[in-house]
Student: 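Below are the structure tokens for one structure; questions will follow.
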Protein chains: 2
Amino acid sequence: MTSRRAYKREGEEARRAALIAATLDCIAEGGPQAATVRAIALRAGVTQGLIRHYFATKEDLIAAAHETLMSSLTAASAARLDELPADALARLAGFVANAVTPPVVDPRAMSLWAASMQLVPRDSAMRAVHETTYLAFRDRLEQMIAAALQAAGKPADPATTRRLAIAGNALLDGLWIEASLLPDHFAKDDMTSIATKAFESLLDLKFPE
Amino acid sequence: MTSRRAYKREGEEARRAALIAATLDCIAEGGPQAATVRAIALRAGVTQGLIRHYFATKEDLIAAAHETLMSSLTAASAARLDELPADALARLAGFVANAVTPPVVDPRAMSLWAASMQLVPRDSAMRAVHETTYLAFRDRLEQMIAAALQAAGKPADPATTRRLAIAGNALLDGLWIEASLLPDHFAKDDMTSIATKAFESLLDLKFPE
DNA sequence: GCTTAAATTATACACTTGCATAATTGCGAG
DNA sequence: CTCGCAATTATGCAAGTGTATAATTTAAGC
């Protein structure tokens, strides 16, 4: 009559995803130290032994979680790309405004991102992930910048667009961080206007209304 | 004949400083989880009991460490202010170049900064510290921007300088982060040139050679 | 419906963690 | 020189950590 906990079998993908989600939740709420095996299992509605069944070690789970986080962050900004207008200038303007306002601006995402950044200097796998996702985002921005410059009839040689993409990316990153850290300091319109005008200055062109 | 460890008495300030420094070293090397009481004591050349003697709890020590870190980060960029030229344009140019190159760009500092950022969303004390230091840095930048605009004979109304300071600050933050995370991706001259040209575009002026 | 392999739970273990408390030692005051 | 007290070390402890392994249960195949 030993009443053992009832459970349901889930597919491997679903369980891995659930464990990763639970891990990110734990880290977001209490930092890396809060992401203990037991806390993660509890949040995933599972007993701790199961973690070991899907991830050889806790470190593996953490790594998988960070990888998932990174791709979801870039995916979030890419998702809206289709909804943007076709006109190159309006397209870039929309992309910029999107990057510095909710839901892309988000304290939880920011906290998780900071946790990842901390690992980059000392974990080569994390460094590789960061490098890839950073360059992917920057390349996309560079293409939109090049298109916008051409649409405005300005020269868009590779050296120039690279430089502008690096600066533009940094600008968006910095604004995203501050808006996420101090949400009450910046009104939504405020942020959009700051980012938009900065990009107009940077590229020396004017976005359509 | 129990040979107890020999030790030297240090003043309270010295010991607190040493413990804080050891704490930051631990966090920089292995993240918050590596900053255990024992690891900190070992690095400070002290036994763990002493920590409790100077800090009621580990959390107190961590908080003190983050506070020290933040003020030292802003102090680092302020220290060089006197060495900058008097001419407003050259002064701003030097400030910008300084912010995106070593020793301000530094993986260790970046790692520690990320650790702090992670605490901001869930720790009100850390949030207050961040807000203060962020605004202090931004205000300093705003003043230099206003001076540069005036020197170039351009209008420098408060709304404009505020907007430019926010964008300029974000730009410097973003470049600082990337240069610190991926040191091999950017040559020193490269970074300086990118930051300088971006600021010239942003303010619509030209820095002296 | 059995059988069976895999998914899941349960339990145990060795080790680390932060903290408390007692035992000593350095070092200035007299 | 020695006394006394605060600074420091040493030791212990209960709780939490990751991981290993055995015991069970689910559900699919025949």
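Below, read A as the first sequence line, B as the second, and so on, with proteins coming before strands; counting in each chain starts at 1. Keep in mind that this is a model prediction, so the values were computed, not measured.
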Student: Compare side-chain N and O positions of A:R9 against OP1 and OP2 of D:dT25 and report whether any pair is under 4.0 Å apart.
Tutor: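 The answer is no; no side-chain N or O of A:R9 sits under 4.0 Å from OP1 or OP2.
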Student: Does any N or O donor sit under 3.5 Å from an N or O acceptor when you compare the side chain of B:Y7 with the base of C:dT25?
Tutor: yes
Student: Could you tell me whether the phosphate oxygens of D:dT19, OP1 or OP2, come under 4.0 Å of any side-chain nitrogen or oxygen in A:T57?
Tutor: yes
Student: Nearest to the B:R4 side chain among C:dA23, D:dT17, D:dA27, which nucleotide is it?
Tutor: C:dA23
Student: What's the CG-C1' distance between B:L61 and C:dG18, to the nearest Å?
Tutor: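 Going from B:L61 (CG) to C:dG18 (C1'), I get 12 Å.
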Student: Is the side chain of A:R52 donor-acceptor paired with the backbone N or O of A:A56 at a distance under 3.5 Å, no angle test?
Tutor: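 Confirmed, A:R52 side chain pairs with A:A56 backbone.
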Student: Quick one: is D:dG16 close enough that its OP1 or OP2 comes under 4.0 Å of any side-chain N or O from A:T36?
Tutor: no
Student: Which atoms form the tightest heavy-atom contact between A:A167 and B:A198, and what is the distance?
Tutor: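 For A:A167 versus B:A198, the nearest heavy atoms are CB-CB, 4.0 Å.
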Student: Start with the C-alpha gap between A:F95 and A:F137, add the side-chain angles, then the distance that decides, and say whether ring pair (Phe, Tyr, Trp, His ring centres under 6.0 Å) holds.
Tutor: CA-CA 12 Å; A:F95 184 79; A:F137 186 89; 5.7 Å; yes
Student: Please determine whether a side-chain nitrogen or oxygen atom of A:H53 lies at a distance below 4.0 Å from atom OP1 or OP2 of C:dA7.
Tutor: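 Answer is yes, contact under 4.0 Å.
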Student: Hey, are B:E12 and B:H53 close enough side-chain-wise for a donor-acceptor pair under 3.5 Å?
Tutor: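 The answer is no; no qualifying pair exists.
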Student: Nearest whole Å is fine: how far is C:dT16 P from A:Q33 CD?
Tutor: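 That distance rounds to 18 Å.
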Student: Indicate the atoms forming the closest heavy-atom contact of B:A28 with B:S111, along with that distance.
Tutor: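 B:A28 and B:S111 have their closest heavy atoms at O-OG, 3.8 Å.
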Student: Given D:dT8, is OP1 or OP2 found less than 4.0 Å from the side-chain N or O atoms of B:Y54?
Tutor: yes
Student: Between B:R162 and B:D139, is the closest basic N to carboxylate O distance under 4.0 Å?
Tutor: no
Student: Would you mind reading off the distance between A:K8 atom NZ and D:dA28 atom P, rounded to a whole angstrom?
Tutor: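 Roughly 11 Å, once rounded to whole Å.
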Student: Can you tell me the distance, in whole Å, between the CD1 atom of B:I40 and the P atom of C:dT16?
Tutor: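 Spelled out: CD1 on B:I40 to P on C:dT16 is 17 Å.
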Student: Taking only side-chain nitrogens and oxygens of A:R5, does any of them come within less than 4.0 Å of OP1 or OP2 of D:dT25?
Tutor: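 Answer is no, no contact under 4.0 Å.
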Student: Which nucleotide in the set C:dA20, D:dT8, D:dT17 lies at the smallest distance from any side-chain heavy atom of B:L50?
Tutor: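 The closest nucleotide is D:dT8.
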Student: Could you pick out which residue, B:G11 or B:R38, lies toward the 5' side of DNA chain D when each is mapped onto its nearest nucleotide?
Tutor: B:G11
Student: Using whole Å, what does the distance between atom P of nucleotide C:dA20 and atom NZ of B:K58 come to?
Tutor: 15 Å
Student: What nucleic acid atoms does B:E10 come within less than 4.0 Å of, heavy atoms only: base, sugar-phosphate, or nothing?
Tutor: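 Since only primed, P, OP1 and OP2 atoms lie under 4.0 Å of B:E10, the category is sugar-phosphate.
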Student: Check the distance between D:dG18's P and A:F55's CZ and give it to me in whole angstrom.
Tutor: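 Result: 15 Å.
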Student: Kindly indicate whether the side chain of B:R140, heavy atoms from C-beta on, has any atom under 4.5 Å from the side chain of B:L81.
Tutor: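 Sidechains of B:L81 and B:R140: in contact.
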Student: How close or far is atom P of D:dT21 from atom CD1 of A:I51, stated in whole angstroms?
Tutor: 18 Å
Student: For A:G49 and for A:A39, find the nucleotide of DNA chain D with the closest heavy atom, then tell me which residue's nucleotide is more 5'.
Tutor: A:A39
Student: For the residue pair A:D189 / A:T192, report whether a side-chain donor-acceptor contact shorter than 3.5 Å exists.
Tutor: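 On atom types as modelled, these side chains do not qualify, holding no pair under 3.5 Å.
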Student: With DNA chain C as reference, determine whether B:A35 or A:V46 sits nearer its 5' end, using the nearest nucleotide of each.
Tutor: A:V46
Student: Short of 4.0 Å, heavy atom to strand atom, which residues of residues 16-31 of chain B count as contacting DNA chain D?
Tutor: none
Student: Specify the separation, in whole Å, of atom CZ of B:R52 and atom C1' of D:dT9.
Tutor: 15 Å
